[in-house]
Amino acid sequence: MQAEDARYLKRKVKGGGIDVHPTEKALIVHYEVEATILGELGDPMLGERKECQKVIKVKHLNQNSNIALLAREIVEKCKLIHPSKLPEVEQLLYYLQNRKDAPPSPADKKGSSTFTGQLKDPPPFDGMEVDEVANINDLDDYMELLYEDVPKKVHGSALILQLSRNPDNLEELVQNENILSALARVLREDWKRSTELATNIIYVFFCFSSFSQFHPVISHYKIGALCMDIIRQELDKHDLWKSELEKKKKILEEKPDSGSTKKDYEKSLKKFESLVKKQEQLMRVSFYMLLNLAEDYKVEMKMRNKSIIQVLIRTLERDNFELLILVVSFLKKLSIYVENKNDMAEQDVVEKLARLIPCDHEDLLNITLRLLLNLSFDTDMRGKVVKVGLLPKLTALINNENHRVVVLCILYHISMDDRCKSMFTYTDCIPVVMKMVLECPDKQVDLELVALCINLSINKRNAQLVCEGSGLKLLMKRAFKTKDPLLMKMIRNISQHDGPTKNMFVEYVADLANAIKNCEDDDFVIECLGILGNLTIPDLNYELLLQEYDLVSFIKDKLKPGNAEDDVVLETVILVGTVSTDEDCAAMLSKAGVIQQLIDLLNAKQEDDEVVLQIVYVFYQMIFHEATREVIIKDTQASAYLIDLMHDKNAEIRKVCDNTLDIIAENDEEWGKKIKLEKFRWHNSQWLEMVESRQMDDSDALMYGDDGFGPYLHEEDILDRPDLFYTHAGDLGARKGQHFPGRVYSVHK
């Protein structure tokens, strides 16, 4: 495109999604800018699209802010937000208003609970503690109590539970069908009359559920389905209690000086807390039994069909640590199946889990993080983790040894998304992981840690943060000392970014070249080659580098088919493409026979698109230099290979081939004609296939007879056959059965 041809610039802005800032009180508006340069006649000549973000800070947002008014003001002032998104803006502002800042890590708090990593059995409670010591020989007497009034039923069930808690008694109990039938009947009929009674009986069946051989007994009496109904109704009761308590609290706020109202509220609150405590004991033992039964996948599917996931997620609103550990453990078990994961997503599980990270209970925190790890395999779930503000909270937990591995895995999953990589710059993640990498006592950096670093370094801003101060220097020093290929891969990602970071690698070129020549670890050599291949720096003296470290012989050795692994070969070709930007280097490689080696390699690796693309790119670079242009065009078959690749399935290969062939056509008239003819053949391939084909179908044979077009069209190009249109005398004529336009015109005339 000529500069004088461009007359107008058309700019189009398209609005996108709206998110909350992970750490600050701000909204992030995503939008796309499309710029098109128009010619004098208004036709588009050049276009480019770019994804952008706008941060709208709402620092003065507090509990007293008018969300509706603020949202309207933001939509009116920001042209990137369509008025139809007003409800979404209000919802995000409401979330920011209620979001709490990440508190200090539990590992740093004194008195935080210790980490065990195990589920605990339900503790003793009021209904199961009796003064009498149960005896297996008195089992019939205890069963008789189940037919009395509720207090005696509670007493009898407590004694049976006492026996059930001893595993040695379970075999004898399971053989007594009468006692099990009585327990199941009482639970089904009287669970609403006494929470203690229901808890005792379910606890008995929980003891059986701890052993897989007793699971059929529990299924026989349909205790699992009954427990789910009980839990569901208990949750409804809790919602009712809570709403009644809220009403009394509202009345108290309206009449704060009323002593009777205050007394009534305090009495109701005390009763509510007592009821919730008993209810949570019942729910805990019920969930624990269901979790044990869910070992069987078929039973788990039945639970899913009865909406176990919705019930579990409703329970996440509770504050009882032991109950929450059980619920989150159950969700973690269910989350390994995609159907269950989808159900959890519909119930906004990530938003419900956000309040548990961090928390004072180490076991609860750990199991919550493990559930989050399972969910983070899903792209949408990862987006929600960032949206609800968990990224800085997770970063704060990296230093906690109990949760470090799980947290690093979650952060690794989040870092896989390009949109999320930039979010890490707003946290302390990069300084923390850099410190861990540099202070790692082992020779190899932990896999989870270095994997996260590799992903983060793909983002340009993250790479700049890594290189701040002596960051790059210390990384290079450790990488060369330990010969850690993954650490060098991280450095390689940093080297791909243009700008100041790339120029910082100049002082390490000698070390990289030395490692390529002398290191025996192929993986480490691949990364070193990759770094050198990324260093497209105009001021770098590639010729001196090739001569001083004899890299030409290294390149020739690695380019021999079968002499090196495919990855080494690929990186070597990329390095050749980089150094070929220098004319002296290109001439040196050409003189050493590298061009012919590349052609041989192209022939051997023609199915490997990446290798083919890089070899074609080397030809593209060398064709710019006069010294190597003549070699490629006249002394090798490179041009013929490029013509063959001009119609490759890979779009990138076709693009580079076209650009290279255009330059060849400009500099060589003979090849220019061949290239032009091949392009013509390609664009008219269907027609030419029809014309050049010797075979004709039956209809053609009947229409044209035995002396059709066959003998005339298969020997050479159709356009070079004037004898098809003229007689031997040079006059326009027609064969038998054929008419030309001129002859037809004269007849009608």
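Bear in mind that the values here come from a model prediction, so they are computed numbers and not experimental data. Side chains included, hydrogens not; waters and symmetry mates left out as well; all remaining heavy atoms used.
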Checklist entry - Gln279 and Thr195: side chain to side chain donor-acceptor pair (under 3.5 Å), yes or no, with the steps? => result CA-CA 7 Å; Gln279 190 187 66; Thr195 304; over 6 Å; no
Next on the checklist: For Asp264 and Lys267: C-alpha separation, side-chain torsions, deciding distance, then whether salt bridge (Lys or Arg N to Asp or Glu O under 4.0 Å) applies.
Outcome noted: CA-CA 5 Å; Asp264 182 46; Lys267 183 181 177 182; over 6 Å; no
Item to check | Verdict with supporting geometry, Glu266 and Lys270, salt bridge (Lys or Arg N to Asp or Glu O under 4.0 Å) | outcome: CA-CA 6 Å; Glu266 289 175 352; Lys270 193 173 182 181; over 6 Å; no
Checklist entry - Could you go step by step and tell me if Ser286 and Leu282 meet the side chain to side chain contact (heavy atoms under 4.5 Å, CB included) rule? => result CA-CA 6 Å; Ser286 301; Leu282 171 62; 3.9 Å; yes
Item to check | Test side chain to side chain contact (heavy atoms under 4.5 Å, CB included) applied to Leu252 and Lys255, step by step | outcome: CA-CA 5 Å; Leu252 179 62; Lys255 301 177 182 179; over 6 Å; no
Checklist entry - Would Val311 and Phe287 satisfy side chain to side chain contact (heavy atoms under 4.5 Å, CB included), going step by step from the backbone distance to the final call? => result CA-CA 10 Å; Val311 171; Phe287 277 129; 3.9 Å; yes
Next on the checklist: Run the ring-ring contact (aromatic ring centres under 6.0 Å, His included) test on Tyr337 and Tyr297 for me, step by step, so that the C-alpha distance in whole Å, both residues' side-chain angles and the decisive distance to 0.1 Å come before the verdict.
Outcome noted: CA-CA 11 Å; Tyr337 295 103; Tyr297 177 68; 5.0 Å; yes
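The side-chain heavy atoms of Val217 and Phe208, taken from C-beta on, include no pair separated by under 4.5 Å. At least one side-chain heavy atom of Leu369 sits less than 4.5 Å from a side-chain heavy atom of Leu394. Between Tyr265 and Leu245 the shortest side-chain heavy-atom distance falls below 4.5 Å. For the pair Leu390/Leu372, a side-chain contact is recorded, criterion being any heavy-atom separation below 4.5 Å from C-beta on. Residues Asp236 and Arg314 have side chains in contact (heavy-atom distance under 4.5 Å, counting atoms from C-beta outward).
Asn200 contributes atom CG, which lies 11.0 Å from atom CD of Gln162 (distance to the nearest 0.5 angstrom). Separating the CG atom in Leu326 from the CZ atom in Phe321 is a distance of 15.0 Å, to the nearest 0.5 Å. Within the model, atoms CG of Leu275 and OG of Ser268 stand 10.5 Å from one another, a figure rounded to the nearest 0.5 Å. In this structure, Leu183 CG and Ile223 CD1 are separated by 8.5 Å, a value rounded to the nearest 0.5 Å. The CD atom of Glu300 sits 9.5 Å away from atom CG of Leu291, with the distance rounded to the nearest 0.5 Å. For the atom pair CD1 (Ile136) and OH (Tyr142), the distance works out to 8.5 Å, reported to the nearest 0.5 Å.
Defined by atom type and a distance below 3.5 Å, a donor-acceptor pair is missing between the side-chain atoms of Gln97 and Ser65. A donor and an acceptor atom, one from each side chain of Tyr221 and Ser181, are located under 3.5 Å apart. At a cut-off of 3.5 Å, with distance as the only test, no side-chain donor of Asp296 or His215 sits close to an acceptor on the other residue. Residues Glu362 and His403 bring a donor and an acceptor atom of their side chains to less than 3.5 Å of each other.
Lys332 NZ: 12 or fewer foreign heavy atoms inside a 6.0 Å radius. Enclosure of atom OH in Tyr94 is not indicated, since only 12 or fewer non-hydrogen atoms of other residues, nucleotides or ligands lie within 6.0 angstrom. Enclosure of atom CD in Glu177 is not indicated, since only 12 or fewer non-hydrogen atoms of other residues, nucleotides or ligands lie within 6.0 angstrom. The environment of NZ in Lys237 is crowded: more than 12 heavy-atom neighbours from other residues, nucleotides or ligands sit within 6.0 Å.
A search for salt bridge (charged side-chain N to carboxylate O under 4.0 Å, His left out) contacts involving Glu280 returns Arg318, not counting sequence neighbours. By the ring pair (Phe, Tyr, Trp, His ring centres under 6.0 Å) test, Phe211 is found to be paired with no residue, residues two or more places apart in sequence or in another chain being considered.
Between Glu339 and Arg304, no side-chain nitrogen of the basic residue sits less than 4.0 Å from a carboxylate oxygen of the acidic one, so the salt-bridge criterion is not met. With respect to Asp229 and Lys222, no salt bridge is recorded, no charged nitrogen being found less than 4.0 Å from a carboxylate O. The residues Glu254 and Lys250 are annotated as not salt-bridged, no charged nitrogen and carboxylate oxygen being separated by less than 4.0 angstrom. Salt bridge Arg404/Glu448: absent, no basic N to carboxylate O contact under 4.0 Å. One finds a salt bridge joining Asp418 and Lys421 here, because a Lys/Arg side-chain nitrogen approaches an Asp/Glu carboxylate oxygen to under 4.0 Å. With respect to Asp378 and Lys384, no salt bridge is recorded, no charged nitrogen being found less than 4.0 Å from a carboxylate O. Salt-bridge check for Lys77 with Glu73: passed, with a basic side-chain N closer than 4.0 Å to an acidic carboxylate O.
Arg382 places no side-chain N or O within donor-acceptor distance of the main-chain N or O of Leu375, the cut-off being under 3.5 Å. Side-chain N or O atoms of Tyr288 include none that pairs as donor or acceptor with a backbone N or O of Met283 at under 3.5 Å. Judged purely by atom type and a 3.5 angstrom limit, Asn340 uses its side chain to pair as donor or acceptor with the backbone of Leu334. The backbone N or O of Leu197 sits less than 3.5 Å from a side-chain atom of Ser194, completing a donor-acceptor pair. Looking at Asp417, its side chain never comes within 3.5 Å of a backbone N or O of Arg419 through a donor-acceptor pair. For Lys333 (side chain) and Ala294 (main-chain N/O), a donor-acceptor pair under 3.5 Å exists by modelled atom type. A donor-acceptor contact shorter than 3.5 Å is absent between the side chain of Asp348 and the backbone of Glu351. Of the possible donor and acceptor atoms, none in the side chain of Ser274 sits under 3.5 Å from a partner among the backbone N and O of Lys271.
The one candidate from Ile28, Ile74, Ile18, Leu80 that meets the side-chain contact (heavy atoms from CB on, under 4.5 Å) condition with Ile56 is Ile74. Just one of Val204, Leu139, Asn166, Leu180 meets the side-chain contact (heavy atoms from CB on, under 4.5 Å) condition when paired with Leu173; it is Leu139.
For residues 138-153, the pairs satisfying salt bridge (charged side-chain N to carboxylate O under 4.0 Å, His left out) are Lys153-Asp190, with sequence neighbours left out.
Note on ring orientation: taking the six-membered ring where Trp is involved, the planes of Phe272 and Trp241 are perpendicular (angle over 60°, cut-offs 30° and 60°).
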